[in-house]
There are 2 protein chains.
Amino acid sequence: MNPRERRAARHQPPNAEADADADPKPRRRKAPITVEQVVDTALDVIAMEGYEALTMRRLAGVLDTGPASLYAHVVNKADLDELLIGRLCAELVLPEPDPAAWREQIRGVCAQIRDQYLKYPGISRAALAMAPTNVETLRVSEGMLAILLSGGVAPQSAAWAIDALLLYVAAYCLEASIVRQRSAHDDAVWVVDRTELLRRFTALPAGTFPHTTRHAAELTAGEGHDRFDFTLTLMIGGLTPP
Amino acid sequence: MNPRERRAARHQPPNAEADADADPKPRRRKAPITVEQVVDTALDVIAMEGYEALTMRRLAGVLDTGPASLYAHVVNKADLDELLIGRLCAELVLPEPDPAAWREQIRGVCAQIRDQYLKYPGISRAALAMAPTNVETLRVSEGMLAILLSGGVAPQSAAWAIDALLLYVAAYCLEASIVRQRSAHDDAVWVVDRTELLRRFTALPAGTFPHTTRHAAELTAGEGHDRFDFTLTLMIGGLTPP
DNA sequence: TCTATTTACGAACGCTGTTCGTGTCAAGGT
DNA sequence: ACCTTGACACGAACAGCGTTCGTAAATAGA
């Protein structure tokens, strides 16, 4: 099956017929690379060295072959990104909607997405670039939509809120991975930890930055995912069931 | 002055002394490229062809010179990105805080940032990658902080809200520019307009995507910046002055 | 057994950011 | 007026990127 056909099937899935694949064909030559293998090793590389390190050559090197061999299973790198996000989304568990706990459920799903993104640093960049018709991402938004609707949120608000939440989660993780990458790649001088950041904020000219210097502590505060939780509270709190 | 020194000065500005530069030296050889010139033409290129088209070679070509010449004025491309974002932020007008209209003022600033980002498609990607100690971005967050504090928002909420808002605006514009780029670059088959998207959503198997098919209209709704306005209302509405 | 089709892959193309060494010009000291 | 100095401009090159082409090999079907 052509990689192009594989990709098309991901965006326009056959309506109902379940084509049960026959018995898996016996291995052919030496290591007939499969798409799953490519995706697996790509995720391994990202988990170890970050998304920036995932090049076609690096990936081919791990599978010890040449970069050209990958294009038998993948249309191009954007297609590979799509497969990676698809795998990520497939591993998310979407709870059965509980009208009494819809806020916690939405928070939980967002936290799951966040943790998956952070597990594979930088991959959220690929998530931002993805077309909204991908089957796996549609499964996620379907699940979130079910939760919000069960909570009594108006359909229009629910649809837009899902968009906003997914966008924020991706951006949050992207920023986090950029900081991580900078601390690893750069001269390690240009990256600043929280105390250094606090020092710089307080050292700013108080004439032009009065509030920044005064509230430097608040600006640099936030252990772990405090900022993430705050923003989610802000957004979910604004959704009003009637 | 070394480009590295220039960059350092942007992140740790001299506290007070105003070093008034002397009379500008008369032009030297033929066209002594200045940093402002580089930034100007870079923004021109981005406005015309998008951020993806801004390469060092392309930029040098417009200034008709070689790529090596740019490195006399700029440390590297990340440094150029920083200068571009700095220029963008410098053009934002930050209103004098009005405690009675702080919500509208915050919305206005965010809309300004959004429009600047969209004017230079794809540049928000550079904004996401920027260190938080840049002077120009600090000016913006200082201005937003002043507005929120004047509205009576708690300092900690204000600080985190600014972070969330800036992150969302950047992600929103990044997504928009990605769609724009895909429609220009790709085969123009893979990109779908709203009616086509609606058709695909309704054509999904209703068994596995019941809510998506039922509310396909809401999921694909949103003229102009409706989704943007919705999210900002969500976030700003959650900020409670006592 | 012979052929057709699929798969693997070395080599190359055009592109990117960046650096080295050299050339060229203006200013400063003698 | 000459020479030195320092800063700038820039051609050429390097390593790496995604991607394509042509070819070789190995299985599947007749």
Side-chain angles (χ1 to χ4, degrees), chain A residues 1-7 22-35 37-38 41-42 45 49-84 122 125-126 129 181 185-187, chain B residues 1-7 22-35 37-38 41-42 45 49-84 122 125-126 129 181 185-187:
Chain A
M1 188 193 233
N2 208 319
R4 302 194 112 89
E5 300 170 1
R6 264 196 283 261
R7 180 176 64 176
D23 46 4
K25 305 173 182 179
R27 304 304 174 83
R28 276 179 60 152
R29 214 170 50 131
K30 63 158 191 179
I33 305 175
T34 64
V35 189
Q37 220 174 341
V38 172
T41 51
V45 171
E49 314 173 30
Y51 178 76
E52 309 295 322
L54 180 74
T55 69
M56 299 301 268
R57 284 179 164 78
R58 178 93 183 82
L59 179 54
V62 176
L63 290 164
D64 50 19
T65 176
S69 305
L70 300 175
Y71 288 84
H73 307 93
V74 155
V75 178
N76 48 26
K77 191 163 192 294
D79 185 40
L80 174 61
D81 292 342
E82 211 171 273
L83 287 168
L84 295 176
R125 187 173 127 189
Q181 179 193 355
H185 175 273
D186 269 17
D187 317 78
Chain B
M1 188 193 233
N2 208 320
R4 303 195 110 87
E5 301 171 0
R6 264 195 284 261
R7 180 177 62 176
D23 47 350
K25 303 174 182 178
R27 304 304 173 86
R28 276 178 60 152
R29 215 171 48 134
K30 64 159 192 177
I33 305 175
T34 64
V35 188
Q37 219 174 341
V38 172
T41 51
V45 171
E49 313 172 31
Y51 178 76
E52 309 294 322
L54 180 75
T55 68
M56 299 301 265
R57 283 178 165 78
R58 178 93 183 82
L59 180 54
V62 177
L63 291 164
D64 50 21
T65 176
S69 305
L70 300 175
Y71 288 84
H73 306 93
V74 156
V75 178
N76 48 26
K77 191 162 193 292
D79 186 40
L80 175 61
D81 292 343
E82 211 171 273
L83 288 167
L84 295 175
R125 186 173 127 189
Q181 180 192 355
H185 176 274
D186 268 18
D187 317 76

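Predicted model only: the values in this text are computed from it and were never measured. Just so we're on the same page: letters track the sequence lines, and every chain starts at 1.
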Q. So does H73(A) get a side-chain nitrogen or oxygen closer than 4.0 Å to the phosphate oxygens (OP1/OP2) of dA8(C)?
A.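 Looking at the OP1 and OP2 atoms of dA8(C), one of them is under 4.0 Å from a side-chain N or O of H73(A).
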Q.
When you measure from the side-chain N and O atoms of T65(A) to the phosphate of dC9(C), is any distance below 4.0 Å, counting only OP1 and OP2?
A. yes
Rounded to whole Å, please give me the gap between [atom1] in [X] and [atom2] in [N].
X	N	atom1	atom2	result
Q37(B)	dC8(D)	CD	P	14 Å
N76(B)	dT19(C)	CG	P	8 Å
Y51(A)	dC17(D)	OH	P	13 Å
L59(B)	dC10(D)	CG	P	13 Å
Y71(A)	dC17(D)	OH	P	12 Å
L70(A)	dC9(C)	CG	C1'	10 Å

Q: Among dT19(C), dA11(C), dT18(C), find the nucleotide with the atom closest to the side chain of A68(A).
A: dA11(C)
Listed pairs, N/O of protein and of nucleotides 14-16 of chain C, under 3.5 Å:
{"residue": "dT16(C)", "atom": "OP1", "partner": "T55(B)", "partner atom": "OG1", "Å": "3.3"}

Q) What residues, two or more places apart in sequence or in another chain, satisfy side-chain hydrogen bond (donor to acceptor under 3.5 Å, both in side chains) together with Y51(B)? A)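 Y51(B) satisfies side-chain hydrogen bond (donor to acceptor under 3.5 Å, both in side chains) with K77(B), D81(B) once adjacent residues are dropped.
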Q) Who pairs with R58(B) by salt bridge (Lys or Arg N to Asp or Glu O under 4.0 Å), at least two apart in sequence or on another chain? A) E49(B)
Q) So do the side chains of V75(A) and L80(A) get within less than 4.5 Å of each other, counting heavy atoms only? A) no
Q. Going through the checks in order, is the side-chain contact (heavy atoms from CB on, under 4.5 Å) test met by V45(B) and T55(B)?
A. CA-CA 9 Å; V45(B) 171; T55(B) 68; over 6 Å; no
Q. Is a side-chain donor or acceptor of T41(A) paired with a backbone partner of Q37(A) at a separation under 3.5 angstrom?
A. yes
Q) What is the nucleic acid contact for S69(B), judged by heavy atoms within less than 4.0 Å: base, sugar-phosphate only, or nothing? A) base
Q: With side-chain contact (heavy atoms from CB on, under 4.5 Å) as the test, would you mind laying out the steps for L54(A) and L84(A) before giving the verdict?
A: CA-CA 11 Å; L54(A) 180 74; L84(A) 295 176; 3.8 Å; yes
